[in-house]
Amino acid sequence: MADRKDAGAGNTQATPAAPVIKISPAEGSTTVRPDKKVVVTAAGGPLEQVTVESDGEQLEGEFDAARGKWVSTGPLKPASDYTVSATAAGGVTASSSFTTLKPKIELAVADVTPAVKGEKVGVGAPIIVRFNHPIPSKAGKANVERALQVAAEHPVEGAWRWIDDTTVIYRTAKFWKAHQKVTFTAHLEGVQGGKEMYGTKNLTKTIRIGAAQISTVDTRKKNMIVRRDGKIIKKMLISAGMATTRAYTTTSGVHLVMGKSNPERMISPGFEKGHPEYYDVMINHAVRFSNSGEYVHAKNNVWAQGRRNVSHGCINARPDQAKWFYENAQRGDVITIKGTDREVEWNNGWSYWQLSFKEWKKGSALS
């Protein structure tokens with residue numbers, strides 16, 4: 001009789017190996033840098049789900065095309081505990097936990113100007129951000145700058161410019177559109193600003209853009225015309241700087257309203273008490289537009305206004321009109337002055353519009 005063969009002997013198949021999941025940072029790590037990526041890989045099968053969590057908040061990340069790797073896309077929170085849970089094909093799971101380091105230097109936003117609750121600002125307004133610690137390197141500045149977000153209801157191109165190691169300023173390419181809300185957010189949490197320096201929390205501020213109030217001063221014609229949303233709403237006779245010295249010459253160019261006070265103490269620069277040029281006076285309804293002592297303010301010298309420039313560099317107007325301007329001026333309003341041979345420097349006060357936008361962008365750490 002012929003031997004019989006087992007019909008199933010040739011169909012035996014090996015059981016496939018289960019996927020192997022690896023997680024980085026390693027389990028139990030206690031000094032993980034906030035800028036480190038969380039990486040989860042699976043060999044032998046695709047990843048189905050990855051969750052990285054701290055205090056109920058999930059860290060965002062992305063899979064590669066084959067779902068063999070998941071990499072976090074955002075920074076980690078400093079001094080925080082994280083848990084990682086991963087699932088691969090076949091129900092294979094893995095988990096891990098680690099703790100991020102506490103920075104020796106905690107980076108935070110110290111001030112945002114102008115961002116006073118309830119205030120409306122002009123269409124030329126910058127966003128001035130100051131930090132609590134210097135950020136000395138370009139790499140650190142670039143990290144921080146990437147974390148700064150400006151979202152307007154009517155978007156317009158803009159750019160940041162660093163003026164020193166603690167201050168960065170946002171300026172738009174064209175004036176903001178009037179009557180809108182702008183939201184500034186500093187996503188600083190976990191961002192490295194320097195050696196052993198990391199941001200510890202995020203910050204959001206709302207800036208409200210008011211009417212487009214733009215004033216034009218002609219020092220030769222000795223007048224000032226105020227437009228609001230494109231319409232002339234006030235014409236004022238003025239007296240500008242007498243121009244006998246550079247200090248007494250009103251600066252020409254594009255200025256912004258920086259603030260206002262009533263009254264404002266004004267003291268002659270460079271002269272001691274007793275000198276013929278010395279003065280120390282209190283001036284009403286003063287609207288400041290530079291760091292070199294220039295204001296639009298009240299002065300009861302109607303004999304000069306519209307006829308002669310006799311001031312020490314300020315723009316003075318009839319008391320009732322100066323009071324009106326004071327009451328209606330917004331920080332960030334545009335004041336364009338023409339007719340003198342002294343050009344305002346771009347960094348004199350908020351005269352940032354003196355630079356072309358192309359030049360302005362050169363101050364970005366990302367340029």
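The first residue of the sequence shown is numbered 1, and numbering continues consecutively from there.
With hydrophobic clusters built from ILVMFWY side chains whose heavy atoms lie under 4.5 angstrom apart, Leu256 shares a cluster with Val156. Side-chain heavy atoms closer than 4.5 Å link hydrophobic residues (I, L, V, M, F, W, Y) into clusters, and following such links, even through other members, never connects Met224 to Ile214.
Under the 3.5 Å distance criterion, with hydrogens and angles disregarded, no donor-acceptor pair is assigned to the side chains of His297 and Glu264. A donor-acceptor contact closer than 3.5 angstrom links the side chains of Asp229 and His179. No side-chain donor from either of Thr83 and Asp81 sits under 3.5 Å from a side-chain acceptor of the other. Checking Ser97 against Glu27 by side-chain atom types alone, a donor-acceptor pair falls below 3.5 Å. Side-chain contact annotation: Thr340 with Ser252, donor-acceptor N/O pair under 3.5 Å present. Remark: the Asn348 side chain and the Ser351 side chain contain no N/O donor-acceptor pair separated by less than 3.5 Å. Remark: the Ser311 side chain and the Asn316 side chain contain no N/O donor-acceptor pair separated by less than 3.5 Å. Asn309 and Arg220 form no side-chain donor-acceptor contact under 3.5 Å, judged by distance and modelled atom types alone. Side chains of Gln330 and Glu119: no donor on one and acceptor on the other come within 3.5 Å. Judged by distance alone, the side chains of Glu359 and Trp346 never bring a donor and an acceptor atom under 3.5 Å apart.
The side-chain heavy atoms of Thr166 and Ile135, taken from C-beta on, include no pair separated by under 4.5 Å. Side-chain contact check for Thr87 versus Val92: every heavy-atom pair is 4.5 Å or farther apart. Trp176 is not listed as a side-chain neighbour of Val121, based on a closest heavy-atom distance of 4.5 Å or more. Contact annotation: the side chain of Val150 approaches that of Ile127 to within less than 4.5 Å [non-hydrogen atoms, C-beta and beyond]. By the 4.5 Å heavy-atom criterion applied to side chains, Asn291 and Met258 are counted as neighbours. Annotation: side chain of Val287 is in contact with side chain of Phe325 (closest heavy-atom distance under 4.5 Å). Annotation: side chain of Phe357 is in contact with side chain of Glu157 (closest heavy-atom distance under 4.5 Å). You'll find the side chain of His133 reaches within 4.5 Å of the side chain of Met197, heavy atoms only.
The side-chain hydrogen bond (donor to acceptor under 3.5 Å, both in side chains) contacts involving residues 56-79 comprise nothing, where partners must be two or more places apart or lie in separate chains.
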**Asked** So Trp353 and Phe175, ring-ring contact (aromatic ring centres under 6.0 Å, His included) or not? Walk me through it.
**Response** CA-CA 9 Å; Trp353 293 91; Phe175 294 146; 4.5 Å; yes
**Request:** Apply side chain to side chain contact (heavy atoms under 4.5 Å, CB included) to the pair Asp165 and Phe131, showing each step before the final yes or no.
**Result:** CA-CA 9 Å; Asp165 288 347; Phe131 299 97; over 6 Å; no
**Request:** I would like to know whether Thr216 and Asp218 meet side chain to side chain donor-acceptor pair (under 3.5 Å); could you show each step before the answer?
**Result:** CA-CA 7 Å; Thr216 304; Asp218 190 323; over 6 Å; no
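Applying the ring-ring contact (aromatic ring centres under 6.0 Å, His included) test to Trp360 and every residue at least two apart in sequence or in another chain returns Tyr352. Partners of Asn143 according to the side chain to side chain contact (heavy atoms under 4.5 Å, CB included) rule, which considers only residues two or more places apart in sequence or in another chain, are Arg146, Val191, Gln192.
Around atom NZ of Lys221, no more than 12 heavy atoms belonging to other residues, nucleotides or ligands sit under 6.0 Å away. Within a 6.0 Å radius of NZ in Lys141, other residues, nucleotides and ligands contribute more than 12 heavy atoms.
Counting only distance, with no hydrogens or angles, the side chain of Ser24 and the backbone of Ala26 share no donor-acceptor pair below 3.5 Å.
Taking both residues in full, the closest heavy atoms of Leu47 and Val50 are given as CD1-CG2, 4.3 Å, listed atom of the first, atom of the second, then distance. The minimum heavy-atom distance between Ala304 and Val310, with the atom names listed, is CB-CG2, 3.8 Å.
Annotation: cation-pi pair Lys205/Phe184 absent, no NZ/CZ under 6.0 Å from the ring centroid and within 45° of its normal.
The pair Glu294-Arg288 does not count as a salt bridge, with every side-chain nitrogen at least 4.0 angstrom from each carboxylate oxygen.
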